[in-house]
2 protein chains.
Amino acid sequence: MEKKKRKRLDEKGWKVRSVSEFLGLSEDEERVVELRIALSDALKKQRLNAKLTQEGFARMLNSSQSRVAKMEAGDPSVTFDLLIRSLFRAGIDRRKLSKIIAA
Amino acid sequence: MEKKKRKRLDEKGWKVRSVSEFLGLSEDEERVVELRIALSDALKKQRLNAKLTQEGFARMLNSSQSRVAKMEAGDPSVTFDLLIRSLFRAGIDRRKLSKIIAA
DNA sequence: GCTTATTATGTCAAATCTGACATAAAATAA
DNA sequence: TTATTTTATGTCAGATTTGACATAATAAGC
């Protein structure tokens with residue numbers, strides 16, 4: 001957030017919180033959420049790069065359109081297992097996965 | 001496997017297979033198994049480094065000794081979610097996780 | 001506008017996971 | 001050796017996940 005804006009809000013009595021502060025997440029939970037989002041984004045990029053619809057992508061993953069939508073949305077009902085298996089299936093190898101996580 | 005040994009076995013009519021060939025794993029499943037092992041090993045290293053027993057480690061993770069044993073053994077009943085959450089809880093950050101996966 | 005395609009959201013039964021427990025096996029100490 | 005500690009393995013009820021489906025919302029084409 002821009003510094004000036006933060007100052008303005010602060011002066012008005014707003015407490016500026018990060019998403020994690022707002023949701024009351026622990027450090028670990030925060031890391032989990034952020035990592036999930038990183039993998040979600042990577043998965044969506046892979047799909048778009050392959051010019052597939054969620055429907056077509058789902059077939060390739062033996063899953064469903066709705067689940068792909070949830071994966072890409074970082075829905076909490078989606079596990080790392082599903083994301084990682086999907087990334088592998090979508091052609092991401094371990095080295096690439098490593099880079100995604102580092103970023 | 002050592003080349004000479006492979007040759008000897010081959011001459012005796014043994015077909016030398018990798019673990020994956022033996023189990024009939026697909027490329028993707030193979031990657032999943034190998035990654036699970038990498039994370040398992042890293043988790044065990046963390047525990048030993050902290051000089052904790054599985055029992056003590058389990059308390060720290062809000063889990064149980066038997067589950068920690070399964071985590072370290074790469075048991076298929078252990079998800080990436082559990083492994084990753086445990087690694088985070090054990091002090092591994094995203095950058096370190098990335099390196100573990102790259103290795 | 002209207003139609004079609006794509007994506008998002010809610011729900012649920014079946015499948016999978018997990019902490020907990022018992023207990024066996026292995027390691028370590030005494 | 002025999003205790004004691006630590007780790008491994010099997011099991012299971014309760015919790016979570018997932019593909020599938022329906023359907024709503026949005027975007028794309030015309």
Side-chain angles (χ1 to χ4, degrees), chain A residues 19 23-26 28-90 92 97, chain B residues 19 23-26 28-90 92 97:
Chain A
V19 177
L23 296 173
L25 298 179
S26 74
D28 299 344
E29 289 163 338
E30 186 177 348
R31 283 185 179 145
V32 166
V33 171
E34 285 174 357
L35 183 56
R36 196 204 307 285
I37 292 172
L39 299 189
S40 297
D41 290 351
L43 191 68
K44 182 165 186 175
K45 273 189 187 173
Q46 276 300 110
R47 176 176 70 83
L48 294 177
N49 220 270
K51 299 188 193 312
L52 290 173
T53 65
Q54 290 181 346
E55 177 72 31
F57 202 46
R59 260 195 298 277
M60 167 174 158
L61 303 176
N62 297 325
S63 184
S64 62
Q65 179 271 324
S66 59
R67 190 118 312 262
V68 169
K70 278 159 190 147
M71 285 196 237
E72 292 184 356
D75 187 291
S77 83
V78 174
T79 60
F80 282 123
D81 283 34
L82 186 58
L83 285 169
I84 291 173
R85 287 201 315 267
S86 298
L87 284 166
F88 281 160
R89 182 63 72 98
I92 298 283
L97 177 60
Chain B
V19 176
L23 295 173
L25 298 179
S26 75
D28 299 345
E29 289 164 336
E30 186 176 350
R31 282 185 179 145
V32 166
V33 171
E34 286 174 356
L35 184 56
R36 196 203 309 283
I37 291 173
L39 298 188
S40 296
D41 290 351
L43 191 67
K44 182 165 187 175
K45 273 189 187 172
Q46 274 303 108
R47 176 176 69 84
L48 293 178
N49 220 271
K51 299 191 193 310
L52 290 173
T53 65
Q54 290 181 346
E55 177 71 30
F57 202 47
R59 260 195 298 277
M60 167 175 160
L61 303 176
N62 297 325
S63 184
S64 61
Q65 178 271 323
S66 58
R67 189 120 312 264
V68 170
K70 279 160 188 140
M71 284 195 238
E72 293 184 355
D75 188 289
S77 83
V78 175
T79 60
F80 282 122
D81 285 348
L82 186 57
L83 285 169
I84 291 172
R85 287 201 315 267
S86 298
L87 283 166
F88 281 160
R89 182 65 70 99
I92 297 283
L97 177 60

Chemist: Indicate, with a heavy-atom threshold strictly under 4.0 Å, whether B:V78 touches base, sugar-phosphate, or nothing.
Modeler: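 Sugar-phosphate: the residue B:V78, judged by heavy atoms under 4.0 Å, touches backbone atoms but no base.
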Chemist: Using a 3.5 Å distance criterion without hydrogens, assess whether the side chain of B:S40 forms a donor-acceptor pair with backbone atoms of B:A73.
Modeler: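 Not a single qualifying donor-acceptor pair exists.
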Chemist: Could you report the tightest heavy-atom contact between B:L61 and B:M71, atom names first, then the distance?
Modeler: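 In this case the closest contact between B:L61 and B:M71 is CD1-CE, 4.2 Å.
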Chemist: In residues 46-59 of chain A, which ones come under 4.0 Å of DNA chain C, going by heavy atoms?
Modeler: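 The stretch gives A:R47, A:T53, A:Q54 as the residues lying under 4.0 Å from the strand, ordered by number.
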Chemist: So which heavy atom on B:A90 is nearest to which on B:M60, and how close?
Modeler: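 The pair with the smallest heavy-atom distance is CA-CE, 3.6 Å.
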Chemist: Whether the side chain of B:S63 engages the backbone of B:A58 through a donor-acceptor N/O pair (distance < 3.5 Å, no angle test) should be reported.
Modeler: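 Looks like no, no N/O pair under 3.5 Å.
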Chemist: Would you kindly give the CG-to-C1' distance between B:N62 and D:dA15, to the nearest whole Å?
Modeler: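 Those two atoms, CG and C1', are 16 Å apart.
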Chemist: Take the protein atom CZ of B:F80 and the nucleotide atom P of C:dT16, then report the distance between them rounded to whole Å.
Modeler: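 Those two atoms, CZ and P, are 16 Å apart.
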Chemist: Below 4.5 Å, heavy atoms only, C-beta onward: do A:F80 and B:L83 meet side chain to side chain?
Modeler: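 They are not in side-chain contact.
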Chemist: Between the protein and nucleotides 23-27 of chain D, which nitrogen or oxygen pairs are less than 3.5 angstrom apart?
Modeler:
none

Chemist: What is the distance, rounded to the nearest whole Å, between atom CE of A:M71 and atom P of C:dT7?
Modeler: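 These atoms are roughly 14 Å apart.
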Chemist: Walk me through it: do B:L97 and A:R31 pass the test side-chain contact (heavy atoms from CB on, under 4.5 Å)?
Modeler: CA-CA 11 Å; B:L97 177 60; A:R31 283 185 179 145; over 6 Å; no
Chemist: Of the non-hydrogen atoms in B:F57 and B:V68, which two are nearest, and what is the gap between them?
Modeler: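 That closest heavy-atom pairing would be CD2-CG1, 4.1 Å.
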Chemist: Starting from C1' on C:dC17, measure out to CG on B:D81 and report it in whole angstrom.
Modeler: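 Rounded to the whole Å, the gap is 10 Å.
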Chemist: Does B:S66 have a side-chain nitrogen or oxygen under 4.0 Å from the phosphate oxygens OP1 or OP2 of C:dC21?
Modeler: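 No, because none of the side-chain N or O atoms of B:S66 sits under 4.0 Å from OP1 or OP2 of C:dC21.
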Chemist: Rounded to the nearest angstrom, tell me the gap between atom CG in A:L61 and atom P in D:dT17.
Modeler: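 From A:L61 CG to D:dT17 P: 19 Å.
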Chemist: Please tell me if B:T79 has a side-chain N or O lying less than 4.0 Å from either OP1 or OP2 of C:dC17.
Modeler: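 So the side chain of B:T79 is outside the cut-off, no N or O lying under 4.0 Å from OP1 or OP2 of C:dC17.
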Chemist: Mind checking if A:S64 touches a base, just sugar-phosphate, or nothing, with heavy atoms under 4.0 Å?
Modeler: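 Base contact.
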Chemist: Just how far, in rounded Å, is P of C:dC21 from NZ of B:K70?
Modeler: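 Taking atom P of C:dC21 as the reference, NZ of B:K70 is at 13 Å.
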Chemist: Go through the steps for B:D81 and B:R85 under the test side-chain contact (heavy atoms from CB on, under 4.5 Å), then give the verdict.
Modeler: CA-CA 6 Å; B:D81 285 348; B:R85 287 201 315 267; 3.7 Å; yes
Chemist: Of all the nucleotides listed (C:dA8, D:dG19, C:dT18), which has the minimum atom distance to the side chain of A:E72?
Modeler: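 So the nucleotide nearest the side chain must be C:dA8.
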Chemist: May I have the distance from A:D75 (atom CG) to C:dG10 (atom P), rounded to whole angstrom?
Modeler: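 It is 9 Å, rounded to the nearest whole Å.
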Chemist: Apply the side chain to side chain donor-acceptor pair (under 3.5 Å) test between A:Q54 and each candidate in A:R59, A:Q65, A:R67; give the one that qualifies.
Modeler: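 When A:R59, A:Q65, A:R67 are each tested with A:Q54, the side chain to side chain donor-acceptor pair (under 3.5 Å) holds only for A:Q65.
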Chemist: Side chains of A:S26 and A:D28: donor-acceptor distance under 3.5 Å anywhere?
Modeler: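 No, A:D28 and A:S26 have no side-chain donor paired with an acceptor closer than 3.5 Å.
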Chemist: Please work out the stems of DNA chain D from pairs that are Watson-Crick or G-U wobble with both distances under 3.5 Å, keeping only runs of three or more consecutive pairs.
Modeler: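 Result, WC/G-U stems under 3.5 Å: C:1-30 with D:1-30.
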Chemist: Taking CZ from B:R67 and C1' from C:dC17, how many angstroms apart are they, rounded to a whole number?
Modeler: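 So the two atoms are 7 Å apart, to the nearest Å.
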Chemist: Can you tell me how far apart CD (A:E29) and CZ (B:R89) are? Round to the nearest 0.5 Å.
Modeler: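 That separation rounds to 7.5 Å.
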Chemist: Can you find a heavy atom in the side chain of B:I84 that is under 4.5 Å from one in the side chain of B:I92?
Modeler: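 B:I84 does not reach B:I92 side chain to side chain.
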